[in-house]
There are 2 protein chains.
Amino acid sequence: MLNQLAKRRQSRQRDTVLKVLRGTKSHPTADWIYEQVKREIPNVSLGTVYRNLRLLKEAGEILELDFGAAQSRFDGNPKPHYHLVCVSCGSVLDVDMPVKRSLDEEASESSGLKVLGHRLEFYGVCSRCAEPTPPSQNSSKMGSI
Amino acid sequence: MLNQLAKRRQSRQRDTVLKVLRGTKSHPTADWIYEQVKREIPNVSLGTVYRNLRLLKEAGEILELDFGAAQSRFDGNPKPHYHLVCVSCGSVLDVDMPVKRSLDEEASESSGLKVLGHRLEFYGVCSRCAEPTPPSQNSSKMGSI
DNA sequence: ATAAATGCAAAACTTTTGCACCCGA
DNA sequence: TCGGGTGCAAAAGTTTTGCATTTAT
């Protein structure tokens with residue numbers, strides 16, 4: 001539990017995981033990331049992807065997002081920001097609105113507890129699903145949307 | 001995908017699951033609920049508990065909460081409200097502050113999309129963990145906290 | 001009588017981990 | 001060289017599901 005910042009040496013696998021995540025505006029699952037990394041490193045293992053996602057998260061380089069779905073999604077942008085989840089197709093979008101620290105203060109007053117931060121997710125309908133003829137509910141495996 | 005409201009007949013198992021959930025202010029895991037239901041119906045199966053949790057959720061009687069943890073937690077109060085997750089011990093508390101629909105409007109303006117609602121969770125330190133000598137990080141299995 | 005609900009166990013799925021080998025500093 | 005990183009496969013843990021049986025209506 002002590003040194004969370006053990007000395008890490010560089011690895012092609014971890015660099016590639018981070019590059020993939022930084023290179024997409026989507027919020028992909030571990031499995032989708034794995035598929036992308038495999039394009040560059042064909043014999044990479046899924047375990048390695050999971051290990052590096054955990055390390056990158058601990059290092060504060062990426063965020064892990066947990067919505068209702070079975071799998072986690074990851075976000076290459078570690079700055080606090082809000083998300084919108086499409087209730088129709090499950091895609092996840094960034095919402096470009098300022099983070100409201102005042103919510104923390106209000107929650108602190110309501111509960112009498114120390115509040116460190118919050119997570120806010122919106123539920124709505126993405127532009128693709130709002131079209132006249134909406135696409136099929138689940139496009140393929142939806143891993144990257 | 002059609003009739004989400006198929007005709008359900010009553011069952012002792014489902015009634016008991018709901019009673020257990022309504023009877024606690026905690027936000028328990030499926031496993032903890034299973035243990036409680038077993039006190040009344042010793043040979044109930046875990047699969048039945050999961051099935052009924054899903055049915056009750058679909059019927060809008062309960063909420064499923066998904067925080068980062070491996071297991072889902074359930075909430076017998078289906079009215080929208082906010083939660084606070086203790087970063088020290090993982091317990092989940094209700095936060096008694098009004099739901100802000102104005103956030104949805106703001107998100108809708110920022111994104112240009114139709115926003116139906118939101119989920120807001122606070123992260124902080126519960127009163128037990130804020131004490132001078134905090135309790136051990138993980139008390140037993142933490143299922144009900 | 002009819003079909004929903006159950007118990008049981010196997011299966012499905014995501015994520016973690018043990019271990020021998022590899023490789024970056 | 002030294003210990004962190006990897007690949008592989010097995011394991012762990014939660015949730016779902018197939019099926020024969022039970023049970024509510």
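Everything quoted here is computed from the prediction, not taken from an experiment. Residue numbers begin at 1 in each chain, while the letters A, B, ... track the order of the sequences.
Atom-to-atom, CD1 of B/Ile41 to P of C/dC8 comes out at 12 Å; the value is rounded to the nearest Å. Counting to the nearest Å, the P atom of C/dG24 and the CZ atom of A/Arg14 are 12 Å from each other. Between B/Tyr50 atom OH and C/dC8 atom P there is a gap of 17 Å when expressed in whole angstrom units. Between A/Glu58 atom CD and C/dT16 atom C1' the separation is 13 Å, expressed in whole Å. For the pair B/Arg12 CZ and C/dG7 P, the computed distance is 9 Å after rounding to whole Å. Separating the CZ atom of B/Arg54 from the P atom of D/dT16 is a distance of 7 Å, rounded to the nearest angstrom. Atom-to-atom, CG of A/Asn43 to C1' of D/dA9 comes out at 15 Å; the value is rounded to the nearest Å. The distance between atom CZ of A/Arg73 and atom P of C/dT15, rounded to the nearest whole Å, is 11 Å.
Of all heavy-atom pairs between B/Lys25 and B/His27, the closest is O-CE1, 3.4 Å. Considering all non-hydrogen atoms of both residues, A/His118 and B/Tyr123 come closest at CA-CD1, 4.2 Å. B/Cys86 approaches B/Cys126 most closely through the heavy-atom pair SG-N, 3.5 Å.
Here A/Glu64 does not pair with A/Arg73 in a salt bridge; the nearest charged N to carboxylate O distance is not below 4.0 Å. Note on B/Glu58 versus B/Arg54: salt bridge recorded, some NZ/NE/NH1/NH2 to OD/OE distance being below 4.0 Å. Looking at B/Asp15 and B/Arg12, no side-chain N of the basic residue comes within less than 4.0 Å of a carboxylate O on the acidic one, giving no salt bridge.
With C/dA4, C/dT6, C/dT14 as the candidates, the nucleotide lying closest to the side chain of B/Arg9 is C/dA4. The nucleotide whose nearest atom lies closest to any side-chain atom of A/Arg51 is, among C/dT6, C/dT15, C/dT17, C/dT17. With D/dG5, C/dT6, C/dT15 as the candidates, the nucleotide lying closest to the side chain of A/Ser11 is D/dG5. Comparing D/dT14, C/dT6, D/dT6 against the side chain of B/Gln71 picks out D/dT14 as the nearest. Of the candidates C/dG7, D/dT15, D/dT14, D/dT15 carries the atom nearest the B/Leu46 side chain, counting heavy atoms from C-beta on.
The ring-ring contact (aromatic ring centres under 6.0 Å, His included) pairs that include a residue from residues 47-77 of chain B number zero, where partners must be two or more places apart or lie in different chains.
Over its full length, the helix from C/dA1-D/dT25 to C/dA25-D/dT1 turns its helical axis through 40°, comparing axes from the five pairs at each end and rounding to 10°.
Not one side-chain nitrogen or oxygen of B/Gln13 sits closer than 4.0 Å to the OP1 or OP2 atom of C/dA5.
Each of A/Asn52 and B/Ser72 lies near DNA chain D, and the nucleotide nearest A/Asn52 is the one positioned closer to the 5' end. Residue whose closest nucleotide on DNA chain C sits further toward the 5' end, between B/Ser45 and A/Ala70: B/Ser45.
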